[in-house]
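Read through the structure below, which is laid out as C-alpha cells, and then see the notes.
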Amino acid sequence: MNENFSFGPATGVGSMPGTDAREAAKTVTGTFEGPETGMPHLPELPARGPGADMIGRTAGMLVELFARVEPSGWRIGDRPGRDTKRARSWLGEDLDALEEFTQEYEGPLKVQAVGPWTLAAALELKNGEAALSDPGACRDLAGSLAEGLRSHIEDVRRRVPGAEVVLQLDEPSLVAVLRGQVKTASGYRTHRAVDRQVVEATLRDVIGAQGTHGTHGPVVVHSCATDVPFALLRRAGASAISFDFSLLTERDDDAIGEAVEAGTRLLAGVVPGMDGPLSDPAGSVMGVRTLWRRLGLNPGLLTDAVSLTPSCGLAGASPAYARAVLAHCVRAARSLADNPE
C-alpha cells in the first residue's frame, strides 16, 4: 500500500436510503470532499429491491458464476438471468452517478462488496444449502469474486482517474462462519465452523486481488457484528478494519492495540445508523478518546489511526437523518483532531 495514503478523517459505510442514485451520490460527494473532510464512497441503495441488496449486488459482480432470486434467497445458477442483469444495471447506474459528481476529483474513493465468507453463507447451491457447506464451492466463489472485484475496481479507476480506490469487503457473517453458527436450509442445524486458517487464507487471496501495477491497494474489512476478529483480519492483509464502536468490550483492547501499532487503520462506527437524536460532535468521540487512554497510546497519533463512520449502513434511516449523520461524522472527526485528549 502507498505509505502516504490517507483514508481521510471520516467516511460512510455504504448503503443509503431511497432509490435515487444521483441524489445519493450528490449527498456523499458533497459531504466527503477528499482527504481534508473525508473519503467519498459509492452509495448502495437496497430499497430498489433484489439486485440492489448487498448479496445480489455482489453476485452481479461475479465472473462465470451467476445467481438468481428464489423464495429462500439468492441461488447460484448456470447462466445470467434477469436478476443478474438487473444487479449489473443498477451498479452501472450508481457508477454513472458517482462519475458525474467526481469530475476532477483526486483522493481516496471507497467501493464496497460482500466478502467471500458472508457470500458463501448467503448464496445457495442447487440443493438449497449454503455454498458454505461445500469447500470446493467456497473456493470457486472466492476466485470468481476476486476476478470480479479486479474488473470492478479497474472500471472505477477509468471513470475517476484521480481516485485512489479503496475496496471495502463487508463481512457481517464472518463471526458466525468462524463459530459454526450459520443455519442449514432446514433451520434445525448449523454448518460446521470453518477452520480459522482457511478463513484467513481465503480472505488474503481476495484482498490480494485489490492490486494494481504490482502494488497492493488499500482494503477495508467491515463487520458490524460483535467480537470482530481483529488479529485474523490484520494477518489476512486488511489495511483497515471497520466496526460498530458500541459493540467493543475491554476484551478487544489487546487486539485493537496490536492492530494500531501494526499500522492498521480503525474505521470506528460512532454515530447511530437509525433515526434518533445526535449528540454533540465531542460527545460522539468521547469513547474513542477513552479507549485511547486505556490502551496507553499517544493521543497525537489518534487522527493518524482512526476515521469515523456511522455504526453501520444507512439504508434503514430517513434521507434527512442519513445526510445529518454523514455531516456529523465530519464534525466529530474535526473535534477529535482539535482535541485528541
Side-chain angles (χ1 to χ4, degrees), residues 6-48 52-54 57-58 91 94-95 97-99 101-102 105 107-115 156 160 163-172 218-224 239-246 265-276 278 281 284-285 288 306-334 336:
S6 169
F7 283 87
T11 190
V13 172
S15 66
M16 293 285 285
T19 59
D20 187 332
R22 287 186 77 256
E23 186 59 36
K26 185 178 176 184
T27 297
V28 168
T29 56
T31 307
F32 304 123
E33 298 173 335
E36 297 303 311
T37 55
M39 173 169 59
H41 63 88
L42 177 65
E44 302 163 15
L45 301 173
R48 291 180 298 199
D53 62 299
M54 190 168 77
R57 185 178 180 87
T58 301
L91 179 60
D94 295 339
L95 287 166
L98 184 72
E99 185 178 356
F101 290 104
T102 50
Y105 175 78
L109 175 66
K110 182 165 69 71
V111 298
Q112 305 82 218
V114 175
V156 176
V160 192
E164 181 147 13
V165 181
V166 176
L167 170 64
Q168 176 178 302
L169 294 175
D170 291 320
E171 282 284 14
V219 176
V220 180
V221 179
H222 167 72
S223 175
C224 43
S239 313
I241 299 170
S242 170
F243 55 95
D244 181 343
F245 191 85
S246 70
R265 193 169 185 87
L266 305 179
L267 271 59
V270 296
V271 188
M274 298 296 280
D275 286 49
L278 291 168
S284 294
V285 293
V288 178
V306 177
S307 299
L308 301 182
T309 74
S311 58
C312 213
L314 297 173
S318 67
Y321 182 77
R323 286 192 297 272
V325 164
L326 297 184
H328 188 87
C329 287
V330 174
R331 287 196 294 274
R334 200 170 295 135
L336 198 58

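When a residue number appears, it is its place in the shown sequence, counting from 1.
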| said: Are the side chains of R265 and S307 in contact, using a 4.5 Å heavy-atom criterion? | reply: yes
| task | Kindly give the heavy-atom pair with the smallest separation between S15 and G313, and that separation in Å. | result | OG-CA, 3.3 Å
| message | Side chains of P9 and L308, heavy atoms from C-beta outward: is any pair under 4.5 Å? | response | no
| Minimum heavy-atom distance A317-G273, with the two atoms named | CB-O, 3.4 Å
| said: Keeping S239 on the side-chain end and P218 on the backbone end, is there a donor-acceptor pair under 3.5 Å? | reply: no
| query | What distance do M54 atom CE and E44 atom CD have between them, rounded to the nearest 0.5 Å? | reply | 8.0 Å
| remark: V285 and A332 have their tightest heavy-atom pair at CG1-O, 3.7 Å
| field | Distance-minimising heavy-atom pair for P43 and H41 | value | CD-O, 3.2 Å
| query | What pair of heavy atoms forms the shortest contact from L98 to T102, and how long is it? | reply | O-OG1, 2.7 Å
| message | Using modelled atom types and a 3.5 Å cut-off, is there a donor and acceptor pairing between side-chain atoms of K110 and backbone atoms of G12? | response | yes
| task | Evaluate the side-chain proximity of V13 to L314: yes if any heavy-atom separation is below 4.5 Å, no if none is. | result | no
| message | Quick check for you: to the nearest 0.5 Å, what is the distance between E99 atom CD and Y105 atom OH? | response | 15.0 Å
| query | Is there side-chain contact between L91 and R57, with at least one heavy-atom pair below 4.5 Å? | reply | yes
| Reported OG1-to-CZ distance for the pair T37 and R331, which is rounded to 0.5 angstrom | 12.5 Å
| message | Nearest 0.5 Å, please: how far is CE in M16 from CG in L42? | response | 11.5 Å
| field | Qualifying residue for side chain to side chain contact (heavy atoms under 4.5 Å, CB included) with V270, from V306, T309, L336, V288 | value | V288
| query | Can you find a heavy atom in the side chain of V220 that is under 4.5 Å from one in the side chain of F7? | reply | yes
| query | Tell me, do S284 and H328 make a side-chain contact under 4.5 Å, heavy atoms counted? | reply | yes
| request: Heavy atoms only: give me the nearest D170-P172 pair and the separation to one decimal. | output: C-CD, 3.3 Å
| Sequence-distant partners of F243, ring-ring contact (aromatic ring centres under 6.0 Å, His included), two or more places apart | F230
| query | Once you round to the nearest 0.5 Å, how far does CE of M274 lie from OH of Y321? | reply | 9.0 Å
| task | Taking the side chain as every heavy atom from C-beta outward, state whether C224 and S311 have any pair of such atoms under 4.5 Å apart. | result | no
| If you measure from CD on Q168 to CE on M39, what distance do you get to the nearest 0.5 Å? | 8.0 Å
| query | salt bridge (charged side-chain N to carboxylate O under 4.0 Å, His left out) with R48: which of D94, D20, D53? | reply | D94
